[in-house]
Structure formats: C-alpha cells, structure tokens
Amino acid sequence: MNQLSNGFTIFLSLLVEAIPFLLLGVLFSSMLLFFVDERAMVERVPKNPLIAALAGSLLGFLFPVCECGNVPVARRFIMQGAPTSFAIGFLLAAPTINPIVIWATWTAFREQPEIVVLRVLFSLVIATIIGYVFSFQKDLSPIVQPTLARYLKFNQPQKTLAKEALGGSSLEKQAVPSMLKPGTYLLGGKLGGQAVRMEAAGAMQTAAPAYSPSKPFFDKMQLAIDNTIQELRELGAVLVLGSAIAAAIQVLAPRELILSLGIGPIISILTMLVLATVVSICSTVDSFFALSFASTFTSGSLLAFLVFGPMIDLKGIGLMLSIFKPKAVIYLFLLAAQLTFLFCLILNLHFL
C-alpha cells in the first residue's frame with residue numbers, strides 16, 4: 001500500500017511538473033500556425049541538411065521549451081515542410097540548449113563549470129549528428145504515424161503549387177491552399193478529418209491560409225485556442241501514460257541499488273542512462289537531481305544523465321509516438337544512447 005501511495009505521488013509530481021511545459025509547447029505551436037507565415041519560415045531554413053540540423057539544434061535557445069513542450073513544436077515543423085534534420089535537431093536539443101536550463105545547470109554545478117559547458121556541447125553535437133542521419137530518409141512515410149504520413153502526402157503538391165503561384169496572378173495566390181490549415185490534428189478535430197478526406201479525394205480547397213495578415217486578430221486567437229485544445233487532448237493522453245510507467249519503475253527500483261552502481265567508469269554511465277530514461281524528470285530541474293549523485297557517480301555519468309534524459313525518457317517516448325512509428329523512436333533512442341555513452345566514456349577515461 002505504501003508503494004502504491006509513493007507511486008501515485010511520483011505520478012502526480014511528474015504530471016504537475018510536465019504539464020506547464022507541454023502547454024507552453026502547444027501554445028507556441030499554435031502561435032506558429034496562426035501568427036507566423038510558415039511558408040516564409042520554412043524557406044529560410046538552410047538547404048544543407050547538416051547546417052539545417054545545427055540550426056534546428058540552436059533554435060531552442062530562442063524558444064525555450066522542455067522535453068514535453070518540444071514535441072508539438074517539432075511536429076508542427078514537420079507538418080510545415082521543414083527539413084527532417086531541422087525538426088529532429090530541435091526535438092533533441094531544445095530541452096537542453098535554452099537559457100532556462102543552462103542557467104539552472106550553472107546554479108547546480110557552479111563549482112564544476114565544465115559540466116555546464118560539456119552538457120551544452122554534447123547535446124548540440126549529438127542532436128546535430130542524429131538530425132543529419134535522419135536527413136537521408138527522404139520519404140517520411142515509413143517512419144511517421146500513418147495519419148501524419150497521409151497529411152504530408154496530400155499536402156506535398158500544395159508546396160509546389162504555392163511556389164508556382166508566387167509568380168501568378170493575385171487570384172491564383174488567393175486560391176493556393178495553406179500548408180497548414182486550422183483543425184488538421186492527428187486526432188481529427190472539427191476540420192481535421194474533413195480536410196484529410198477532401199485532400200485524399202483530390203479535392204482542391206481554396207480557403208485562405210492559416211496565416212493571413214488580413215485575418216482579424218480575434219479570429220486568429222480563436223483558431224489558436226481551438227488548435228491548442230485539440231493538441232492537448234492528443235499529447236496529454238500519451239503524457240499521462242508515460243508518467244504512469246515512469247512512476248511505476250521508480251517505485252520498483254530501490255535507490256540503494258542505483259547508488260551502488262556509480263563507481264566504475266562504464267557501469268556508472270550505463271546506470272545513469274537507464275536512470276535518466278525511467279526517472280523522466282524535467283530538464284529545468286534535472287541538474288539538481290543529478291547533483292545529489294555527484295559524490296558517488298563519475299562526472300561522465302552525471303553528464304550522461306544530463307544529456308540523454310532531456311532527449312529520451314519514458315514520457316518523452318510516449319509523446320514522440322504521436323509523431324513517429326515505434327521503430328523510428330527506437331532508432332532515435334539507440335542513436336542518442338550510443339553517442340552519449342561514447343562521449344561520456346571518453347570523458348571518464350581520458351579527461352577526468
């Protein structure tokens with residue numbers, strides 16, 4: 001009974017900690033949809049996949065979102081037609097490379113400034129590498145969820161049409177469908193299912209783009225609120241599931257056993273990789289959690305926790321499944337784990 005009570009407490013704490021950041025990410029996603037010209041933004045993304053991955057990894061510094069809030073934003077980038085490397089770079093790096101997390105890490109590890117620097121450096125390099133690797137997957141259909149794949153498939157011709165219409169008449173420009181329309185959610189909102197069915201049938205919609213300078217501000221706000229509610233419904237469900245699994249594992253894994261594994265340069269890194277996955281603590285406060293292990297674990301293993309946790313954890317995996325198929329999430333997990341282990345092992349063996 002005591003374990004059940006502890007597990008429920010951990011579950012609630014994870015939700016209370018994560019929901020504000022999920023809300024922030026969803027709100028930012030909606031703002032992108034209705035207040036930013038998504039076509040102009042996508043056109044400014046570097047064409048080189050490596051540079052695009054680096055740009056996406058650095059974007060979190062301008063838009064600080066947690067590992068719960070970055071998923072809806074990354075999904076929006078993919079739906080807008082941004083390069084896969086750009087979206088993956090943002091997805092993996094934004095929870096760490098942002099001013100809030102950097103400041104929190106500096107506060108916790110003020111006596112070890114190298115931890116702060118290496119956390120940012122490792123996160124940036126790993127996210128850029130993985131983003132670049134995913135850039136070789138030109139067709140996203142095998143790796144994204146079927147509904148998102150259908151959306152990308154039936155909106156692909158619109159991108160070409162939009163480019164052609166730039167040199168056409170004003171009437172043609174008005175008739176160009178938007179890359180993103182209000183209500184195109186994966187759960188199928190008021191307009192989502194209808195939009196997919198109409199495009200699947202080959203129908204041409206002539207509605208105004210989601211972003212329109214002439215659209216009244218209050219109309220944009222209403223659309224943004226509707227979109228936020230729909231995405232919260234979808235992403236909130238998987239967040240609850242991931243938090244429940246994380247809480248259950250934390251209760252079943254004794255803390256004493258974890259502490260006994262922190263001595264060796266290899267086993268300590270593996271232990272902290274597992275701990276980062278199951279604890280699922282928010283990146284804004286994970287540095288203080290890691291600080292409690294500083295006296296018993298190697299510096300490389302502390303970095304493994306701080307770098308890998310914000311990229312991949314149980315509740316984050318649940319959220320990622322709203323974008324990617326399980327095999328793609330496993331691929332992301334393995335790549336991030338291998339690169340983090342390699343960098344931290346080199347640090348343990350040769351520099352500390």
Side-chain angles (χ1 to χ4, degrees), residues 1-27 65-72 95-96 100-101 104-105 107-109 187 228-229 231-263 267-297 301-322 326 329-330 333 336-337 340:
M1 194 67 182
N2 188 41
Q3 281 188 329
L4 181 62
S5 177
N6 290 339
F8 187 67
T9 301
I10 294 172
F11 168 71
L12 289 181
S13 66
L14 286 172
L15 282 184
V16 169
E17 181 184 61
I19 285 177
F21 297 97
L22 176 62
L23 178 61
L24 176 64
V26 170
L27 286 173
V65 291
C66 184
E67 63 267 26
C68 298
N70 65 331
V71 174
T96 300
I100 297 174
V101 173
T105 308
T107 302
F109 290 94
L187 282 182
T228 298
I229 293 173
E231 289 202 338
L232 280 177
R233 281 176 54 205
E234 178 182 336
L235 298 178
V238 290
L239 174 61
V240 169
L241 177 60
S243 298
I245 296 174
I249 294 179
Q250 286 189 62
V251 171
L252 296 175
R255 181 181 175 87
E256 293 77 13
L257 175 62
I258 296 175
L259 291 175
S260 67
L261 299 175
I263 300 176
I267 192 63
S268 63
I269 295 175
L270 294 175
T271 300
M272 291 303 269
L273 287 175
V274 174
L275 186 63
T277 303
V278 301
V279 166
S280 302
I281 193 169
C282 176
S283 61
T284 56
V285 295
D286 63 354
S287 53
F288 299 98
F289 183 91
L291 184 62
S292 64
F293 295 92
S295 60
T296 54
F297 274 73
S301 65
L302 296 178
L303 275 170
F305 180 88
L306 295 172
V307 172
F308 185 69
M311 292 185 180
I312 307 288
D313 59 28
L314 285 181
K315 68 178 187 293
I317 289 174
L319 293 172
M320 287 181 186
L321 287 173
S322 68
V329 175
I330 293 173
F333 180 92
T340 303

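Between Ala294 and Leu302, the shortest heavy-atom distance links the atoms CA-CD1, 3.8 Å. Taking all atoms of both residues into account, the shortest heavy-atom contact from Met320 to Ile312 is CE-CD1, 3.8 Å.
With sequence neighbours excluded, no residue satisfies side-chain hydrogen bond (donor to acceptor under 3.5 Å, both in side chains) with Thr340. Every residue meeting the side chain to side chain contact (heavy atoms under 4.5 Å, CB included) condition with Ala337, not counting sequence neighbours, appears here in chain and number order: Phe308. Residues passing the side-chain hydrogen bond (donor to acceptor under 3.5 Å, both in side chains) test with Ser287: none are found, sequence neighbours excluded.
The CG atom of Leu275 sits 11.0 Å away from the CG atom of Asp286 when rounded to the nearest 0.5 Å.
Thr96 places none of its side-chain heavy atoms less than 4.5 Å from the side chain of Met311.
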Item to check | Criterion side chain to side chain contact (heavy atoms under 4.5 Å, CB included) on Phe333 and Asp313, from CA distance to verdict | outcome: CA-CA 9 Å; Phe333 180 92; Asp313 59 28; over 6 Å; no

Item to check | Step-by-step side chain to side chain contact (heavy atoms under 4.5 Å, CB included) determination, Met272 to Leu306 | outcome: CA-CA 9 Å; Met272 291 303 269; Leu306 295 172; over 6 Å; no

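Judged by distance alone, the side chain of Ser322 and the main-chain N or O of Gly318 form no donor-acceptor pair under 3.5 Å.
Atom CZ of Phe288 has more than 12 heavy atoms from other residues, nucleotides or ligands within 6.0 Å.
Proximity of the aromatic rings of Phe305 and Phe297 is defined here by a centroid distance below 6.0 angstrom, and this criterion is not met.
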